[in-house]
Peer 1: 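Have a look at the structure that comes next, please.
Note that this is a predicted model, so its numbers are computed, not measured. Computed from heavy atoms alone, side chains included, the values below leave out hydrogens, waters and symmetry copies.
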Protein chains: 2
Amino acid sequence: MKTKEKILNAALQLYNEQGIRSVTTRHIAASIGLSGGNLHYHFKHTEDIIRALFNELASAYDDLMLNAQQASINLATIDALAAISFQLVNKYRFIFINFVEIANWIPEIKASYGQLIQKREQQFVSFFDALAQHGIFRDDIPTSNKLGLVKQFFIISDFWLSHNELTRQYRGEDALNDYKKTINLLLWPYIKRFE
Amino acid sequence: MKTKEKILNAALQLYNEQGIRSVTTRHIAASIGLSGGNLHYHFKHTEDIIRALFNELASAYDDLMLNAQQASINLATIDALAAISFQLVNKYRFIFINFVEIANWIPEIKASYGQLIQKREQQFVSFFDALAQHGIFRDDIPTSNKLGLVKQFFIISDFWLSHNELTRQYRGEDALNDYKKTINLLLWPYIKRFE
DNA sequence: TCAAATTTAGAACATTTGTTCTAAATTTAG
DNA sequence: CTAAATTTAGAACAAATGTTCTAAATTTGA
């Protein structure tokens, strides 16, 4: 594994475990037996590490959305996509936990997230429409409500983790199940019938 | 105004404006023409400032819940409570934006928030039940779904602000309206009829 | 093979941060 | 009024942090 990759992996692990507040470039370097000077040879500034990790996340999301487009239109698909989405949120948890702080610190990330959201928004609305055409989703939902539902989706999928950290602190399977349940419940009142 | 209050006000303003990441006790002191040494005479540790601000928030929430218990059971009440809740989230925005980080840093806050959530949870379920008895809310909702709805409520009211910061960045009236709209839409599919 | 490029460790630096200390100023109480 | 308590400013300190510098080690490529 290239040193750059090693640094990114170590940084991700430490940020996730200990929070961006208490992890420094020295800690990251030390955790893989690297000198501080060397770390800064690969990543001149601390932000560069975070930027790189965010880019990993963003491109993983792109893949997810590509898969979603090819998936069949039914409720099992939603469940499967929720599982993948959960894995991503979980893998890059420190980003979601410090999203605003990071976004204000590194403006590129804010812009990039804005674009991501826009892309996802369109996809979700299309997906809901498709569900309605398949008779799964209620077809009497005004567009503005559909957009509102998408917003709820985003808030809950991005911040379920933070809420969980503050309350039940589910881990592993339990966490995934609660995440899925919360997401599904959002859809529940809009669903016409179960398959 | 007592120095202690001045410090808390200044700290709140700076944390909200610039984020906990970049605000130090020296900044807070300087912003009100106070020496650093004096600030630490009033608040020995930085955490003590944050703890005090969180306590303000928690007791404001207690008041809010007290009011809620005495309010009449209808949709206008929800709207009014949402407005007050929004003002609180907005006033102490830095807490909501850094909730997990702060809670892990100051365990007392984590515990205190856990208790707050539990109290609120019970109240919400009772309120939904009351709405159902008044024929406003659907009465065919299983308890587990009602609890899930409450969870959605909490996530969205606590993190709407973070999401807003990352996306549209509504301010003032626009922000309040979007917040209310998002909260109301959560209830919308559960409502039987409009008054 | 061997010179050039890359990678590395470790010292060095300026700045910042939270906190403490000290001594003076101010307020409070009897 | 005055002695005690409180509050204040400002210096001082140790630790930490991001970053840079230097020189050695290692790798690469012709």
Peer 1: Write out the stems for DNA chain C, ordered by first number and formatted as range with range, counting runs of at least 3 consecutive Watson-Crick or G-U wobble pairs under 3.5 Å.
Peer 2: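 When the pairs of DNA chain C are grouped into runs of at least three, the stems are C:1-30 with D:1-30.
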Peer 1: Which pairs count as ring pair (Phe, Tyr, Trp, His ring centres under 6.0 Å) when at least one residue sits in residues 44-67 of chain B, sequence neighbours excluded?
Peer 2: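 Qualifying pairs, neighbours excluded: none.
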Peer 1: Name the atoms and distances for all side-chain donor-acceptor pairs under 3.5 Å in residues 172-182 of chain B, with sequence neighbours left out.
Peer 2:
{"unit_1": "B:Asn177", "atom_1": "ND2", "unit_2": "B:Glu173", "atom_2": "O", "d": "3.4"}
{"unit_1": "B:Asp178", "atom_1": "OD1", "unit_2": "A:Lys151", "atom_2": "NZ", "d": "3.2"}
{"unit_1": "B:Asp178", "atom_1": "OD2", "unit_2": "A:Lys151", "atom_2": "NZ", "d": "2.4"}
{"unit_1": "B:Asp178", "atom_1": "OD2", "unit_2": "B:Trp160", "atom_2": "NE1", "d": "2.8"}
{"unit_1": "B:Tyr179", "atom_1": "OH", "unit_2": "B:Ser85", "atom_2": "OG", "d": "2.8"}
{"unit_1": "B:Lys180", "atom_1": "NZ", "unit_2": "B:Asp79", "atom_2": "OD2", "d": "3.3"}
{"unit_1": "B:Thr182", "atom_1": "OG1", "unit_2": "B:Asp178", "atom_2": "O", "d": "2.7"}

Peer 1: Could you check how far CD1 of B:Ile28 sits from P of C:dT16, rounded to whole Å?
Peer 2: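 Distance, rounded to whole Å: 17 Å.
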Peer 1: Which value, rounded to the nearest 0.5 Å, describes the distance between B:Ile49 atom CD1 and B:Ile28 atom CD1?
Peer 2: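 Nearest 0.5 Å value for the CD1-CD1 distance: 4.5 Å.
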Peer 1: For A:Glu165, give me all partners under salt bridge (Lys or Arg N to Asp or Glu O under 4.0 Å), at least two apart in sequence or on another chain.
Peer 2: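 A:Arg93, A:Arg171.
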Peer 1: Any chance you could list the contact pattern along nucleotides 6-19 of chain D? Use B for base contacts, S for sugar-phosphate-only contacts and - for none, protein heavy atoms under 4.0 Å, 5' to 3'.
Peer 2: SBBBB-B----BBB
Peer 1: With B:Ala68, which residues qualify under side-chain contact (heavy atoms from CB on, under 4.5 Å), at least two apart?
Peer 2: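 In terms of side-chain contact (heavy atoms from CB on, under 4.5 Å), with neighbours along the sequence ignored, B:Ala68 is linked to B:Leu81.
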Peer 1: Under 3.5 Å, side-chain donor or acceptor atoms of residues 143-150 of chain A against the rest of the protein: list the pairs with distances, not counting sequence neighbours.
Peer 2:
{"unit_1": "A:Lys146", "atom_1": "NZ", "unit_2": "A:Asp129", "atom_2": "OD1", "d": "2.7"}

Peer 1: Determine all donor-acceptor pairs shorter than 3.5 Å in which one atom belongs to a side chain in residues 110-125 of chain A; sequence neighbours excluded.
Peer 2:
{"unit_1": "A:Lys110", "atom_1": "NZ", "unit_2": "A:Asn104", "atom_2": "OD1", "d": "2.7"}
{"unit_1": "A:Tyr113", "atom_1": "OH", "unit_2": "A:Asp158", "atom_2": "OD2", "d": "2.1"}
{"unit_1": "A:Lys119", "atom_1": "NZ", "unit_2": "A:Asp62", "atom_2": "OD1", "d": "3.2"}

Peer 1: Sequence neighbours left out, what pairs pass salt bridge (Lys or Arg N to Asp or Glu O under 4.0 Å) with at least one residue falling in residues 49-61 of chain A?
Peer 2: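 Checked against salt bridge (Lys or Arg N to Asp or Glu O under 4.0 Å) - neighbours excluded - the pairs reaching residues 49-61 of chain A are A:Glu47-A:Arg51, A:Asp48-A:Arg51, A:Arg51-A:Glu108.
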